[in-house]
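Treat the numbers as computed from the prediction; the structure is a model and nothing was measured. Hydrogens, waters and symmetry mates are skipped; everything else that's a heavy atom, side chains included, is used. Each chain gets a letter, A, B and so on, in the order the sequences are listed, and its residues count up from 1.
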Number of protein chains: 2
Amino acid sequence: MTIEEIAKLAGVSRSTVSRVVNGDPHVRDEVRIHVQQIIDDNGYHPNAAARSLASRRTRIIGLLVPRAIGVVLQDPFFLHLIQGAVEGCNETDYLLTMLLESADVDISNQRVYDRVIRGRHIDGVVIASSVVEDPIVERLQQDGFPFALVGRHPHHDVSFVDVNNVDSAKLAVQHLIEHGYRRIGCITGPPNMIASIDRYAGYVMALQESGRAPDRSLTAEGDFTRRGGYRAMQELLNNGNRPDAMFVASDTMASGALQALRDAGLRAPDDVAVFGFDGLDHQLVSQPVLSTMVQPIRELGREAVKIVLSRVASNESAPTQRYLPTEMALRASCGCGAADAAAGNGAGRGGDA
Amino acid sequence: MTIEEIAKLAGVSRSTVSRVVNGDPHVRDEVRIHVQQIIDDNGYHPNAAARSLASRRTRIIGLLVPRAIGVVLQDPFFLHLIQGAVEGCNETDYLLTMLLESADVDISNQRVYDRVIRGRHIDGVVIASSVVEDPIVERLQQDGFPFALVGRHPHHDVSFVDVNNVDSAKLAVQHLIEHGYRRIGCITGPPNMIASIDRYAGYVMALQESGRAPDRSLTAEGDFTRRGGYRAMQELLNNGNRPDAMFVASDTMASGALQALRDAGLRAPDDVAVFGFDGLDHQLVSQPVLSTMVQPIRELGREAVKIVLSRVASNESAPTQRYLPTEMALRASCGCGAADAAAGNGAGRGGDA
DNA sequence: CAATTCTTTGGGAGCGCTCTCATATTTCAA
DNA sequence: TTGAAATATGAGAGCGCTCCCAAAGAATTG
């Protein structure tokens with residue numbers, strides 16, 4: 001079934017069928033209805049390749065997750081991001097394709113870049129969780145290829161959508177300070193990701209503004225996985241300098257940290273309070289219910305797609321940079337509302353975002 | 001940069017450049033090297049749309065996850081599956097695009113089908129975790145579109161790759177029986193997924209063969225999420241008929257079940273032993289370490305891709321059906337001692353059908 | 001050495017669309 | 001009514017490749 005055959009069946013020209021398919025208003029209603037009928041009756045769908053070739057648009061955008069498989073994609077964070085991105089695409093009849101780079105196979109990453117981006121398989125790309133030094137940002141910039149980052153970039157002046165991680169982290173830590181905790185520790189993300197850097201910066205600022213110096217022995221590095229959080233917490237507990245509260249840079253890691261506490265026979269928040277980041281706790285089902293800084297992950301994904309699409313449409317060069325608001329969710333694990341702290345209280349309880 | 005321009009620069013014809021790009025052996029070495037040089041120097045990459053249009057191959061296959069967003073994609077199972085599929089694609093220079101259907105938005109699912117499959121955006125599709133009654137299987141069958149399921153299909157004679165879930169579950173439950181547990185319960189997956197059905201069947205068979213009747217009050221339904229496992233376990237604990245061992249149809253649910261036990265003040269395996277399915281525990285970091293039936297998830301993904309690609313290449317109609325072996329991993333949660341003892345026991349020895 | 005075969009190369013004909021522009025038709029103001 | 005403007009439709013020219021076939025040249029054979 002080609003457009004030509006439909007045209008013949010409907011007794012109109014190829015052009016008219018094309019107009020109907022693409023919703024062009026310059027078609028008489030009578031004709032439109034008739035043609036649409038023929039299209040439906042024959043189950044015709046325009047060939048994607050032909051369409052892309054002629055229009056120079058594939059109507060696909062990519063979601064690139066660098067070094068995804070090993071570590072990052074485990075985080076439920078990504079599910080929300082993906083969902084948001086898919087929603088953003090649906091609204092404009094675009095398709096989302098996942099571009100997953102392997103951890104260390106540079107060749108395959110290069111291949112993706114050349115084949116998918118240079119070969120114009122996609123119209124634009126959203127890049128999630130890139131590391132600061134990832135060369136892809138600069139390459140895309142040079143190639144003039146439409147893209148947007150989820151998470152700001154420290155060096156390059158590029159399009160992105162992000163939350164204010166510094167201020168958000170600072171607020172979280174200030175909250176712990178207000179609770180009266182004296183020895184507030186931190187589990188960070190990988191040091192080459194901007195979200196890690198910013199959240200740690202916020203942690204440090206909050207301490208400094210309250211007149212304390214951050215203690216390096218209270219900080220451990222995680223990798224945004226549950227296990228990473230578990231190990232980081234263990235490390236902190238074992239070095240003989242036990243914190244009485246923790247700011248953990250992601251809920252997934254916080255869930256691991258809570259388990260490490262439990263396994264060490266400690267109680268949260270009584271022995272060690274915990275504050276997370278992301279707003280994913282209802283998925284992780286931690287005990288006690290995790291206090292966290294909620295970021296609008298789906299909106300982040302949706303917005304990133306929007307930015308990319310607007311850059312695909314108009315070839316302006318000034319980057320679009322947007323910050324979305326976060327919100328504090330105070331629950332049991334930081335010491336607020338002891339009611340939620342009781343064990344056996346139900347998996348999915350807790351406040352909403 | 002088009003093929004024509006490269007041809008001009010190299011002083012050869014379009015056809016010769018095409019041959020070099022596609023690795024056609026019918027080119028003199030001298031010419032090939034020269035043309036390749038020009039290609040590299042100019043950073044030429046063939047246009048995907050043009051290529052697809054002319055060759056009638058997009059070199060992309062899809063990974064369709066029906067109703068993915070809501071529930072299923074949360075399971076780390078999918079990370080392994082995706083990774084395997086990506087690997088399978090890499091080996092043959094194919095690309096993998098993720099087709100995520102939303103839970104209830106039929107319209108968007110239809111859109112995906114029409115645009116992506118009928119519009120020939122992809123050459124074939126791997127379908128993961130489909131529900132038994134999903135109409136897509138029949139539609140693809142009718143359309144003669146290359147596809148393969150991860151997980152067998154009870155009604156249609158289609159291509160798939162799977163493990164022998166019945167035998168594997170049976171072995172797991174037999175192991176619990178050998179431990180001497182008397183009241184062995186089960187947490188199942190959604191009843192409209194074949195893996196759930198088969199694993200439950202294996203559970204029932206093991207009990208029956210040891211001369212016991214399965215007790216419905218010891219069975220609860222989960223949905224393959226951690227929370228679902230938590231709730232199912234809670235339900236079982238609350239109905240006053242406490243099991244002394246559980247066979248749980250996925251590690252993710254088992255991790256939730258273990259937490260429910262903990263929250264209820266019970267210990268595993270002393271109070272209730274737990275046996276999982278999947279072999280994902282090292283990601284979930286459960287306490288105690290989970291005994292589980294390991295299935296080769298990555299191989300499943302890779303194999304599914306292989307099957308699809310072979311169907312794309314040759315248009316034979318006889319379906320390919322493959323079973324991959326599982327392996328029992330005996331650890332602490334079933335009562336097998338604290339050591340990480342892993343005993344290999346081929347459950348569903350692979351056999352081509 | 002002519003006849004045949006094999007290898008290498010080039011050119012033409014699409015693949016199935018979109019997009020621009022020309023033509024046919026309708027509408028409306030003067 | 002008539003000319004101009006607005007609207008609807010059709011035809012042609014590609015988009016950048018691949019694939020088939022023919023031509024040219026090199027190698028092989030009796």
Side-chain angles (χ1 to χ4, degrees), chain A residues 1-36 38-39 42-60 93 114-123 312-313, chain B residues 1-36 38-39 42-60 93 114-123 312-313:
Chain A
M1 259 302 137
T2 73
I3 199 174
E4 206 84 42
E5 300 180 70
I6 295 294
K8 193 159 295 172
L9 286 172
V12 297
S13 76
R14 208 175 49 222
S15 308
T16 298
V17 178
S18 175
R19 287 186 188 100
V20 171
V21 167
N22 294 293
D24 187 313
H26 298 292
V27 183
R28 239 182 332 139
D29 283 352
E30 189 187 321
V31 175
R32 173 197 319 290
I33 290 165
H34 176 231
V35 171
Q36 189 62 56
I38 305 273
I39 288 174
N42 292 275
Y44 165 74
H45 290 280
N47 178 286
R51 213 174 192 183
S52 301
L53 180 58
S55 67
R56 326 183 115 274
R57 285 276 144 83
T58 62
R59 300 197 76 78
I60 304 178
D93 203 37
D114 287 341
R115 215 186 117 203
V116 181
I117 296 186
R118 291 242 162 99
R120 292 279 154 180
H121 242 303
I122 59 180
D123 294 343
V312 169
Chain B
M1 260 302 137
T2 72
I3 199 174
E4 206 83 44
E5 301 179 68
I6 295 294
K8 192 158 296 170
L9 286 172
V12 297
S13 77
R14 209 178 46 214
S15 307
T16 299
V17 178
S18 175
R19 287 186 188 101
V20 171
V21 167
N22 295 293
D24 186 314
H26 298 293
V27 182
R28 240 185 329 142
D29 284 353
E30 187 189 323
V31 174
R32 175 199 318 292
I33 290 166
H34 176 230
V35 171
Q36 190 61 57
I38 306 273
I39 288 174
N42 292 274
Y44 165 75
H45 289 281
N47 179 287
R51 215 175 190 183
S52 302
L53 180 58
S55 68
R56 323 182 119 273
R57 285 276 144 87
T58 62
R59 301 196 76 77
I60 304 179
D93 203 37
D114 288 343
R115 221 189 110 199
V116 180
I117 296 185
R118 291 242 161 98
R120 293 279 155 181
H121 242 302
I122 58 182
D123 294 342
V312 168

| field | B/Ile38: side-chain contact (heavy atoms from CB on, under 4.5 Å) partners, not counting sequence neighbours | value | B/Ile6, B/Leu9, B/Ala10, B/His34, B/Asn42
| Partner residues of A/Asp93 under the side-chain contact (heavy atoms from CB on, under 4.5 Å) criterion, sequence neighbours left out | A/Arg59, B/Arg111, B/Arg115
| How far apart are the C-alpha atoms of B/Thr16 and B/Ser13, what are their side-chain angles, what is the distance that settles it, and do they pass the side-chain contact (heavy atoms from CB on, under 4.5 Å) test? | CA-CA 5 Å; B/Thr16 299; B/Ser13 77; 3.4 Å; yes
| query | How far does NE2 of A/His121 sit from NE2 of B/His45, to the nearest 0.5 angstrom? | reply | 12.5 Å
| message | Among residues at least two apart in sequence or on other chains, which ones pass side-chain contact (heavy atoms from CB on, under 4.5 Å) with B/Ala49? | response | A/Ser52, A/Leu53, B/Asn47
| said: From CG of A/Leu53 over to P of D/dA13, roughly how many Å is that when rounded to an integer? | reply: 18 Å
| field | salt bridge (Lys or Arg N to Asp or Glu O under 4.0 Å) contacts touching residues 3-22 of chain A (sequence neighbours left out) | value | A/Glu4-A/Arg14
| task | Could you list where the contact with chain B starts and ends along DNA chain C, reading 5' to 3', using a 4.0 Å heavy-atom cut-off? | result | C/dT8 to C/dG16
| said: What is the distance, to the nearest angstrom, from the CZ atom on A/Arg120 to the C1' atom on D/dC17? | reply: 17 Å
| field | Minimal non-hydrogen separation, A/Tyr44 against A/Thr2, with atom names | value | CE1-C, 3.7 Å
| pair A/Ile3-A/Pro46: side-chain heavy atoms closer than 4.5 Å | no
| message | Using modelled atom types and a 3.5 Å cut-off, is there a donor and acceptor pairing between side-chain atoms of B/Asp24 and backbone atoms of B/His26? | response | yes
| remark: The salt bridge (Lys or Arg N to Asp or Glu O under 4.0 Å) partners of B/Arg28 (sequence neighbours excluded) come to B/Glu30
| task | Would you mind reading off the distance between B/His26 atom NE2 and D/dC20 atom P, rounded to a whole angstrom? | result | 12 Å
Restricting both atoms to N or O, compile the protein contacts to nucleotides 24-27 of chain D shorter than 3.5 Å, with distance only.
none

| message | Expected output is a numbered-order residue list: members of residues 3-17 of chain A with a heavy atom under 4.0 Å from any atom of DNA chain C. What is it? | response | A/Ile3, A/Arg14, A/Ser15
| With B/Ser15, which residues qualify under side chain to side chain donor-acceptor pair (under 3.5 Å), at least two apart? | none
| query | Step by step, would you call B/Ile33 with B/Gln36 a side-chain contact (heavy atoms from CB on, under 4.5 Å)? | reply | CA-CA 5 Å; B/Ile33 290 166; B/Gln36 190 61 57; 5.7 Å; no
| query | So how far off straight is the helix from C/dC1-D/dG30 to C/dA30-D/dT1, going by the axes through five pairs at either end, to 10°? | reply | 30°
Are any protein N/O atoms closer than 3.5 Å to N/O atoms in nucleotides 21-23 of chain D? If there are, list each pair with its distance.
none

| request: Taking side-chain contact (heavy atoms from CB on, under 4.5 Å) as the test, write out the residues that go with A/Ser55, two or more places apart. | output: A/Arg57
| field | Whether B/Asp123 side chain and B/Thr58 backbone form a donor-acceptor pair below 3.5 Å | value | yes
